[in-house]
Participant: 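Submitted below is the structure of interest, expressed as structure tokens.
A note on names: the letters A, B, ... follow the listed sequences, proteins ahead of strands, and every chain is numbered from 1.
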Amino acid sequence: MEKGLNQFFTDYVKKESLFASKKALQSNYIPDMLEHRDEEINQIAQVLAPVLRGDRPSNLFIYGKTGTGKTVSIKHVTQNLVQVAKNQEVALNVCYVNCKLKKITDTEYRLIAHLSRELGKEIPATGLPTDEVYKIFLAALEEAKTNMILVLDEIDHLVQKAGDELLYNLVRHNAELENSQIAVVGISNDLVFTDHIDPRVKSSLSEEELLFAPYNALQIQDILRKRTSQGFGKGKIEPGVVEKCAAFAAREHGDARRAIDLLRVAGELAERNNEPKVCVSHLDVAEAKIEKDRVVESVTKQPKQVQAVLHSIFHTADSERKIIFTGEVYSEYSELCAKIGLRPLTQRRVSDVIGELDMLGIINARVISKGRYGRTREITIPLAEQMVEHLTGLLKDALFFS
DNA sequence: CGAGATTCATGTGAAGTATACCTTTAGGCTTAA
DNA sequence: AAGCCTAAAGGTATACTTCACATGAATCTCGTA
């Protein structure tokens, strides 16, 4: 056994990797050159440039679907900006926040607390008045005498949870600063997001706007070629793989990030199977694996109550039936709670939990009216049967044995 | 037969509650003069 | 008397509950053709 393991590791090191630089294929990688986004990058740069002269840049609002390069573009620009600012000795602080991260930046308090921590202040997770946290934050900023560019990614999530007052406060407090200024860059996947917010907030937040259109198949192909030439070793990819991947991505969603993920995972799979090249068949397997990993991860990370609700949903939908309703889920859930000794949540809360699960994409829940028979959510499970079984197993472990 | 009223099951908003945590403050104890 | 520590008081954010009202199409009702 020992020897076998030893052999494995030795072989592993000796073996030539398919990857030249895996970094270039990871989703947080920011390339030096972005394909097909020159125009957008230019515009962002123009809006933000005044900060180098010590002026406050206009607030900027960026729309576009996922995987259209919004995040990479802004990061690309701000990285450069920070670099130049450093050389020119201009005080500049760029703060990138992904508002989607639960428990970290999904309320006003947590956002401001997070920003304060970025500036080196200790803020407790709870207990302080939000006003107080604002004061600490603004004081820290004032003290630093720096201009801040605040990038709020997935801002639609934040506003949905915390309300648009938050943005208003941010802009309002900005006016009280003497030595520092904040410019807000909002990024949203939701194209109609600004229709739902207070017009005052809207006008001040989107002094400048920018729309990212989805990439088409050819553009995705270019991007993938660029990345693969960096990320993979030469000749490690069968001809046609990149094309297929691009075509697939363009047809399905126009999401470049997912296309890159797909290639990376395909490469990992090929490598694990000791195959010399990445070929088309790996793409399908990779697609399935990515989806599986995504779902498994988000399910296992959920709190117990949410898992219990999900388990109830799976259990209810078990027998042939595809469509189920809130009431059924709730009674199943109540039983489950009794069985495992969990204090049951109210139906009100479970209703919200079902909504959250829908947001995560683990289930589809649509509010429908059944006429005389009331109104409810119609829940369907978009996952493969195998997947559901796998998850049910995981949930059982999590719920019954702990 | 069809327009309008009724109905059901639960969606949904607002307000209230429990919990966990924070700062402030008052009291008690120790220490040094 | 001054200094320091502790515990209670008073306050907040968050997750959840309670209360009460909103929803919207299938079904029922009843007037009319």
Participant: So, under a plain 3.5 Å distance rule, would you say the side chain of Arg348(A) forms a donor-acceptor pair with the base of dG13(B)?
Facilitator: yes

Participant: Mind checking whether Tyr330(A) and Tyr333(A) have parallel, tilted or perpendicular rings, split at 30° and 60°?
Facilitator: tilted

Participant: Tell me which residues in residues 121-133 of chain A put a heavy atom below 4.0 Å from DNA chain B, sorted by number, or none.
Facilitator: Pro124(A), Thr126(A), Gly127(A), Leu128(A)

Participant: Just checking Pro303(A): base, sugar-phosphate only, or nothing, at a heavy-atom cut-off of under 4.0 Å?
Facilitator: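 It contacts nothing in the nucleic acid.
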
Participant: Is it the case that over 12 heavy atoms from other parts of the model lie below 6.0 angstrom from the CD atom of Glu165(A)?
Facilitator: no

Participant: Please report, rounded to the nearest Å, how far the P atom of dA9(B) is from the CD1 atom of Ile379(A).
Facilitator: 16 Å

Participant: Let me know the distance between CZ of Phe325(A) and C1' of dA26(C), rounded to the nearest Å.
Facilitator: 13 Å

Participant: Report the distance from atom CZ of Arg375(A) to atom C1' of dG13(B), rounded to the nearest whole Å.
Facilitator: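 Nearest whole value for this atom pair: 13 Å.
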
Participant: For residues Thr146(A) and Asn93(A), is any side-chain donor paired with an opposing acceptor at under 3.5 Å?
Facilitator: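 No.
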
Participant: Mind checking Thr346(A) for me? I need base, sugar-phosphate or nothing, with any heavy atom below 4.0 Å counting as a touch.
Facilitator: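 Base contact.
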
Participant: For Glu275(A), is there any backbone N or O sitting under 3.5 Å from a side-chain donor or acceptor partner on Asn273(A)?
Facilitator: no

Participant: Between Arg110(A) and dT12(C), does any side-chain N or O lie under 4.0 Å from OP1 or OP2?
Facilitator: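 Answer no for this pair, as no side-chain N or O of Arg110(A) is under 4.0 Å from OP1 or OP2.
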
Participant: Does dT12(B) have its OP1 or OP2 closer than 4.0 Å to a side-chain nitrogen or oxygen of Arg377(A)?
Facilitator: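 Result: yes.
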
Participant: Which donor-acceptor pairs under 3.5 Å do side chains of residues 363-375 of chain A form with protein atoms, sequence neighbours excluded?
Facilitator:
residue   : atom : partner   : partner atom : Å
Arg366(A) : NH2  : Glu378(A) : OE1          : 2.7
Ser369(A) : OG   : Gly371(A) : N            : 3.3

Participant: Separation of Ile136(A) atom CD1 from dT23(B) atom C1', in whole Å?
Facilitator: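 In whole Å, dT23(B) C1' and Ile136(A) CD1 are 11 Å from each other.
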
Participant: Take atom CG of Asp352(A) and atom C1' of dA14(B), then tell me their distance rounded to the nearest Å.
Facilitator: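 Interatomic distance, CG of Asp352(A) to C1' of dA14(B): 13 Å.
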
Participant: Specify the separation, in whole Å, of atom OH of Tyr373(A) and atom P of dC28(C).
Facilitator: 7 Å

Participant: Report yes or no: is the cationic atom of Arg264(A) (NZ for Lys, CZ for Arg) under 6.0 Å from the centre of the six-membered ring of Phe19(A), at an angle within 45° of the ring normal?
Facilitator: no

Participant: Mind calculating the distance between OH (Tyr330(A)) and P (dC16(C)) to the nearest angstrom?
Facilitator: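 Nearest whole value for this atom pair: 13 Å.
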
Participant: Just how far, in rounded Å, is C1' of dT27(C) from NZ of Lys370(A)?
Facilitator: 14 Å

Participant: Looking only at side-chain N and O atoms, does Ser369(A) come under 4.0 Å of OP1 or OP2 in dA9(B)?
Facilitator: no

Participant: Determine whether the aromatic ring centres of residues His173(A) and Tyr134(A) are separated by less than 6.0 angstrom.
Facilitator: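 Close enough - the centres of the two rings lie under 6.0 Å apart.
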
Participant: Ignoring hydrogens and geometry beyond distance, is the side chain of Arg372(A) in donor-acceptor contact with the base of dT7(B) at under 3.5 Å?
Facilitator: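 A donor-acceptor contact between them is absent.
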
